Number of protein chains: 2
Amino acid sequence: MKKITINDVAKHAGVSKKTISRVLNNEANVSPDTKLKVHSAFDSLGYRPNPQARALASNQSFLIGLVYSSPSNSFVSKIQSGALKRCKADGYNLIIYPEDHENDYLLANLERGLISANLDGIILTPPFSDMKPLLDFLSEKKIPFIRVGGDLSINASPSVYSNDAEASYEMCRYLVSLGHTKIAFIMGHPDHAASHQRLIGYKKALSEAGIEIRDTFIQQGYFTFESGEDCARRLLSQEDRPTAIFASNDYMAAGIIKVASQKNLFIPNDLTVTGFDNAPASRYIWPSLTTIKQPITDMAFEAARMLIRIVRNKPLENNIVTFKDELIVRESSAPAPKVS
Amino acid sequence: MKKITINDVAKHAGVSKKTISRVLNNEANVSPDTKLKVHSAFDSLGYRPNPQARALASNQSFLIGLVYSSPSNSFVSKIQSGALKRCKADGYNLIIYPEDHENDYLLANLERGLISANLDGIILTPPFSDMKPLLDFLSEKKIPFIRVGGDLSINASPSVYSNDAEASYEMCRYLVSLGHTKIAFIMGHPDHAASHQRLIGYKKALSEAGIEIRDTFIQQGYFTFESGEDCARRLLSQEDRPTAIFASNDYMAAGIIKVASQKNLFIPNDLTVTGFDNAPASRYIWPSLTTIKQPITDMAFEAARMLIRIVRNKPLENNIVTFKDELIVRESSAPAPKVS
DNA sequence: TTTTAACTTGACACCGGTGTCACCACATGA
DNA sequence: TCATGTGGTGACACCGGTGTCAAGTTAAAA
């Protein structure tokens with residue numbers, strides 16, 4: 001029941017440790033003969049290399065860190081699965097760092113955590129992708145990292161990115177095409193770069209359509225269900241209320257639906273509500289939400305792929321990779337009600 | 001910019017490596033004097049021990065595996081955060097293994113993955129907590145594991161557990177207390193031990209209340225939104241339809257609400273719907289769901305705590321720890337409608 | 001005072017791999 | 001023929017810690 005080590009395999013195959021190591025790492029210049037012998041030794045002994053020993057000797061850890069704040073379970077789940085898929089395929093393990101980004105000691109704690117695990121590289125998701133002190137820290141410590149969905153202007157490091165402004169713009173154009181002119185917007189958490197992008201798209205679409213942008217129609221939300229409720233109350237109690245509300249994520253949209261239902265507004269006939277993110281809840285609530293689907297899983301996969309290339313000193317094809325969002329029309333949107 | 005190793009610290013503090021190691025591991029019998037010297041060396045050098053080297057030398061990896069199938073993002077998120085909290089506190093890293101439990105090659109793949117990471121211990125969540133071949137494999141390989149929410153009868157290994165049958169029983173008693181007699185039940189995925197427990201609680205409560213158990217009121221669901229819709233359609237198209245439907249999880253309950261709404265049944269007045277799990281969506285949908293809250297995070301925390309004790313050869317206070325579920329009453333339940 | 005036990009410390013081998021380099025056999029070109 | 005290159009291999013040091021054990025010092029017991 002003793003653990004099988006490289007020495008056992010070497011003895012069994014009648015070659016040196018080093019040759020075993022060569023086969024293990026698929027190095028060139030091993031004769032087909034020896035390769036065969038070694039592989040059969042692997043099989044008959046059931047050998048599994050010790051990852052820690054390998055890590056120590058080769059000065060790598062085969063560990064990738066994934067840092068995220070967790071406002072949305074579905075976002076986290078997609079990020080994890082995308083990153084994990086690529087990591088496992090390349091023999092890396094993923095260590096997760098869910099962090100409360102509003103914690104005062106965040107940076108110190110996080111930095112200590114990241115350093116002490118001896119990670120080969122780090123995947124940063126919003127809002128960490130935009131934390132300059134963190135980026136600087138990692139650069140200084142020469143720990144490779146890649147940013148997902150951050151603000152491209154603040155740092156030139158490799159990024160995976162989806163065009164939030166454009167997606168938001170398309171959503172608004174869709175609402176305009178339904179005949180809406182009184183379109184309200186609920187912003188996301190100000191710490192997220194995406195929140196600003198989404199607002200930009202909204203303003204652009206309205207301007208282009210010749211619709212006046214009213215300050216009272218723009219409310220500050222925080223990505224939570226409750227903040228959606230609050231904003232909805234404020235919007236729907238206005239004299240001249242909007243006929244469509246576009247929330248910066250689905251949870252806030254769900255909050256709107258709740259408030260609207262309580263006010264006996266029938267969705268979508270009396271009020272169109274749309275969200276962003278395509279969270280599972282957007283399908284589960286009734287009416288189901290018109291929303292924007294971001295290819296989060298694909299983005300995370302690509303981020304991991306790029307990061308691993310960086311770690312292995314292979315050149316990157318592109319420093320920045322952009323993904324396209326998709327408008328998903330469901331039941332919560334309808335043409336604007338006729339003015340009575 | 002070179003990495004600081006234990007040798008550097010030893011030189012700086014004027015003691016041997018071994019003494020540094022002693023301080024690092026809080027071993028007894030180090031004089032306060034040396035301890036101080038060593039600590040100040042730590043600080044001035046900014047020393048972080050290399051976890052891989054430590055792992056190799058001490059024949060531990062300080063890695064805990066968490067295996068789960070992911071039907072529900074919120075479940076996963078809670079499990080992760082509970083386990084992670086305890087692991088980080090004890091200096092362990094958590095490696096996640098999200099697995100599709102219906103995959104044919106599951107066992108082979110999973111076993112290979114678990115073995116090759118050289119984990120110190122493994123946390124098993126449903127339905128893996130009940131996979132006998134897997135449990136046997138781990139026992140044979142002498143890899144410590146702990147089961148969360150499994151069937152206690154199939155294996156005597158350490159477990160953390162919450163009484164699903166009892167919670168389900170309480171939910172049904174609550175429905176009975178509201179005057180419901182036509183109470184339907186949607187079962188969960190048959191691979192999950194909890195599904196059977198929840199059914200048991202349902203039957204027990206109805207029997208005790210003197211309510212006949214009708215086969216047509218018990219439908220097979222699979223924990224998905226869609227399966228909830230299907231079952232709801234079958235239940236609500238019956239001649240003598242139920243006045244309350246208790247679904248084995250919240251996603252299925254959401255499916256019921258959707259179907260009921262489409263049939264113009266007003267919830268809760270015309271139909272009471274309740275769920276299980278207290279998923280975030282249960283708050284976000286309208287009306288919000290009456291459901292059962294399981295202390296998943298606490299359970300995972302406790303599981304990690306126990307596992308780490310096992311790994312460290314410390315005795316367990318209890319081999320099996322039970323947690324109590326909680327009934328959460330929200331808007332989707334109301335007294336049974338008067339018979340007209 | 002002497003003996004014994006307890007505390008403190010360091011030398012050194014070792015964990016299980018990889019990197020470096022030297023070596024041999026054989027093919028190639030001058 | 002001899003110098004040169006190249007594919008294939010192993011010896012050995014080394015990665016950065018921990019375990020074992022022996023030895024020196026100090027305190028407690030006789």
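All heavy atoms count here, side chains included; hydrogens, waters and symmetry mates do not. Worth saying up front: this structure is predicted, and the values here are computed from it rather than measured. Within every chain, numbering begins at 1; the chains are lettered A, B, ... in the order of the sequence lines, protein sequences first and strands thereafter.
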Nucleotide [N], atom [atom2] - distance to [atom1] of [X] in whole Å:
X     : N      : atom1 : atom2 : value
A/N29 : D/dG8  : CG    : C1'   : 7 Å
B/L36 : C/dT8  : CG    : C1'   : 16 Å
A/N7  : D/dG10 : CG    : C1'   : 13 Å
A/R48 : C/dG17 : CZ    : C1'   : 16 Å
B/I4  : D/dG17 : CD1   : C1'   : 15 Å
A/Y47 : C/dG16 : OH    : C1'   : 7 Å
B/F62 : D/dG17 : CZ    : P     : 12 Å

Qualifying ring pair (Phe, Tyr, Trp, His ring centres under 6.0 Å) pairs with a residue from residues 57-99 of chain B, counting only residues at least two apart or across chains: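 Every pair satisfying ring pair (Phe, Tyr, Trp, His ring centres under 6.0 Å) with a residue in residues 57-99 of chain B: B/F62-B/Y92.
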Sugar-phosphate only, base, or nothing, as touched by B/N50 at under 4.0 Å among non-hydrogen atoms: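 Sugar-phosphate: the residue B/N50, judged by heavy atoms under 4.0 Å, touches backbone atoms but no base.
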Sugar-phosphate only, base, or nothing, as touched by A/P49 at under 4.0 Å among non-hydrogen atoms: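 Counting heavy atoms under 4.0 Å across all strands, the contact made by A/P49 is with sugar-phosphate only.
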Sole residue of A/V160, A/N319, A/L316, A/I122 in side-chain contact (heavy atoms from CB on, under 4.5 Å) with A/I146: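 Output: one option passes, namely A/V160.
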Sugar-phosphate or base contact per nucleotide [nucleotides 18-27 of chain D; S, B, -; heavy atom under 4.0 Å]: BBBB------
Does [X] have a side-chain nitrogen or oxygen under 4.0 Å from the phosphate oxygens OP1 or OP2 of [N]?
X     : N      : result
A/S16 : D/dT9  : no
B/T19 : C/dG10 : yes
B/N59 : C/dC15 : no

Quick one: list whatever passes side-chain contact (heavy atoms from CB on, under 4.5 Å) with [X], sequence neighbours left out.
X     : value
A/K85 : A/F301
A/F42 : A/V9, A/I20, A/V23, A/L24, A/V38, A/H39, A/Y47
B/S69 : B/P71, B/H101, B/P127, B/F128

All side chain to side chain donor-acceptor pair (under 3.5 Å) counterparts of B/D90, not counting sequence neighbours: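 B/D90: side chain to side chain donor-acceptor pair (under 3.5 Å) contacts with B/R86.
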Under-4.0 Å salt bridge between B/K3 and B/D8: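 So B/K3 does not pair with B/D8 through a salt bridge.
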B/P32 vs A/Q52, nearer the 5' end of DNA chain C by closest nucleotide: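 This one resolves to B/P32.
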